[in-house]
2 protein chains.
Amino acid sequence: MSSCDLCVVRNRAICSALDPMELAALTAIGRTRQLTAGESIIWEGEDSVLVANVIDGVLKLSTNTEDGREQIVGVVYPSDFIGRPFGGTTGHGVTALTDAKVCVFSRRDFDAFAREHPALEHKLLERTLGELDRTRRWMLLLGRKSAAEKMASFLVEMTERLSGSSCRVERDKPNQRILTLPFSRQQIADVLGLTIETVSRQFTRLKNEGVIDLPSRREVTILDFDTLVAEAG
Amino acid sequence: MSSCDLCVVRNRAICSALDPMELAALTAIGRTRQLTAGESIIWEGEDSVLVANVIDGVLKLSTNTEDGREQIVGVVYPSDFIGRPFGGTTGHGVTALTDAKVCVFSRRDFDAFAREHPALEHKLLERTLGELDRTRRWMLLLGRKSAAEKMASFLVEMTERLSGSSCRVERDKPNQRILTLPFSRQQIADVLGLTIETVSRQFTRLKNEGVIDLPSRREVTILDFDTLVAEAG
DNA sequence: CGGAATCTTGATTATCATCAAGCGTCGTGG
DNA sequence: CCACGACGCTTGATGATAATCAAGATTCCG
């Protein structure tokens, strides 16, 4: 029995383009791998040797300047695809932010398989086009928004992305969302192009203004989503 | 006779995936269109009605905040593909920076054609993956680089992108490149996430330091490329 | 030649980075 | 179980960078 049959992202990942026979063939060239938080699976600048589907967890894509400044250029969630198919070197590292589970393929094997399965390539194309749209939208934030707008945009995005998974709703307060962020303060800074101190100050400001609450380091309660949207610019 | 036979980007654009018969079929659903500098062909937020190949000229992809700040999120050159295939709305406007010529398709027609021609979709996928890599590299610049680093990076990128076309070399000074920029100062600012004043000051600083010369508004002579690379961070 | 648009330059200010403590929290080992 | 230490976060003081505001200077075109 194919292990894919049990896969929780089976119907959302690019694998959904395949029929059972094809899926079995894909299973044959892939294997699952467990990652612990902080562990990297792809390093910036090395030539592309593997690609993968995210089954569980959250991972960051990041680049660094020579002198160590970091920019997180993407965040991937279950069912997302990582790695650079079709040659070239990987322009960014991939590191687990939480414990994670991925379904790994050798890039060469995957490339060959994909070229024989246009439906798979089509899914990958749609996914890549969507990722490009999302990335370009983020450029507006990085290039033109203030620290306050960046933080608000970040929290709005998180509210949308974590809906379902790391997001609780208290019985008696239906308008409040309690998010469990997969990011440290430093990582939020690296997403937004800010420093950790600025991020921290923005958090306390939003808390003092009653827009959010901060029950613990990694948790944020969204008290006034509309204000966040307005402040996101 | 198919007009594509005469197309100057025939062997570089995604069309190169097609054999003569297929190309004739593609020709049947496309038409060329001339754009004058400043003219837009796609607007941010509208639903995607057309896609195109760039035949000649340079165009910008840009997004704006509600209050009018602009960020250029991409620049496209001859043989590049523009527009958003496979549904969705376009996240950014597309505007000609120079007079330009494009080969336009209705998005619906193109989608249908692409789905029947996996080789075309493959080319488009490779192109989209490359564009995503490039875009992510630009995020490091927007999020983490200083004004000086941004300007140097910009000039390095321009030197590479304009090699051949808008780039002259004087007979007696083989190390110098004279670039004709397709951007105004404001547009450079919109690419780099800076203000026009900061861009102008960086230009004069580089000129005073002997790294570049500025023979006219739209021209830059690269006198010391290595220093630019070093300063790009 | 005139006028508008674009660009440069200067003065000032605001924002965010940097530097520097201090505080909490979590985990470990005594 | 508590003390200790490390790490991550917050807060404050100060400073640098780039934005803003405001004139001028060029260039471009009719």
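Naming convention: chains lettered A, B, ... in sequence-line order (proteins, then strands); numbering from 1 in each chain.
On a pure distance criterion of 3.5 Å, a polar donor-acceptor pair joins the side chain of A:E197 and the base of C:dC19.
A straight line from CD of B:Q202 to P of C:dT8 spans 12 Å, rounded to a whole angstrom. Atom P of nucleotide C:dT8 and atom CG of B:L214 are separated by 7 Å, given to the nearest angstrom. Residue B:R201 contributes atom CZ, which lies 13 Å from atom C1' of D:dG24 at whole-angstrom precision. Atoms CZ (A:F183) and C1' (D:dC9) sit 17 Å apart, rounded to a whole Å. In this entry the distance linking CD of A:E70 with C1' of C:dA17 reads 18 Å, nearest Å. Distance B:M151 CE to D:dA18 P: 12 Å, rounded to the nearest Å. Atom CG in A:L194 sits about 16 Å away from atom C1' in D:dT10, given to the nearest Å. Per the geometry, CD1 belonging to A:I196 stands 14 Å off P belonging to D:dC7, to the nearest Å.
Listed candidates were D:dT10, D:dA19, C:dC7. Nearest to the side chain of B:T198 is D:dA19. Of the candidate nucleotides C:dT8, D:dC9, D:dT20, C:dT8 has the atom nearest to the side chain of B:S200. For A:T195, whose side chain is taken as the heavy atoms from C-beta onward, the closest listed nucleotide among C:dA17, D:dT20, C:dC19 is C:dA17. The side chain of B:R217 sits closest to D:dT26 out of D:dG12, C:dT9, D:dT26.
Within the 3.5 Å criterion, the main-chain N or O of B:V191 finds a donor-acceptor partner in the side chain of B:W138. Checking side-chain atoms of A:Q71 against main-chain N and O of A:S62 turns up no donor-acceptor pair under 3.5 Å.
Salt-bridge check for A:R33 with A:E39: passed, with a basic side-chain N closer than 4.0 Å to an acidic carboxylate O. Ion pairing of A:R127 with A:D80 is present here, as a side-chain N (NZ or NE/NH1/NH2) and a carboxylate O approach within less than 4.0 Å. Salt bridge annotation for A:D47-A:R107: absent, with no cationic side-chain nitrogen under 4.0 angstrom from a carboxylate oxygen.
The nearest heavy atom of DNA chain D to A:R185 and to B:V199 marks one nucleotide each, and the one closer to the 5' end goes with A:R185. Toward the 5' end of DNA chain C, the nearer of the two residues B:T204 and A:A147, judged by each one's closest nucleotide, is B:T204.
No engagement by B:S216 is indicated, since no non-hydrogen atom pair under 4.0 Å with the nucleic acid exists.
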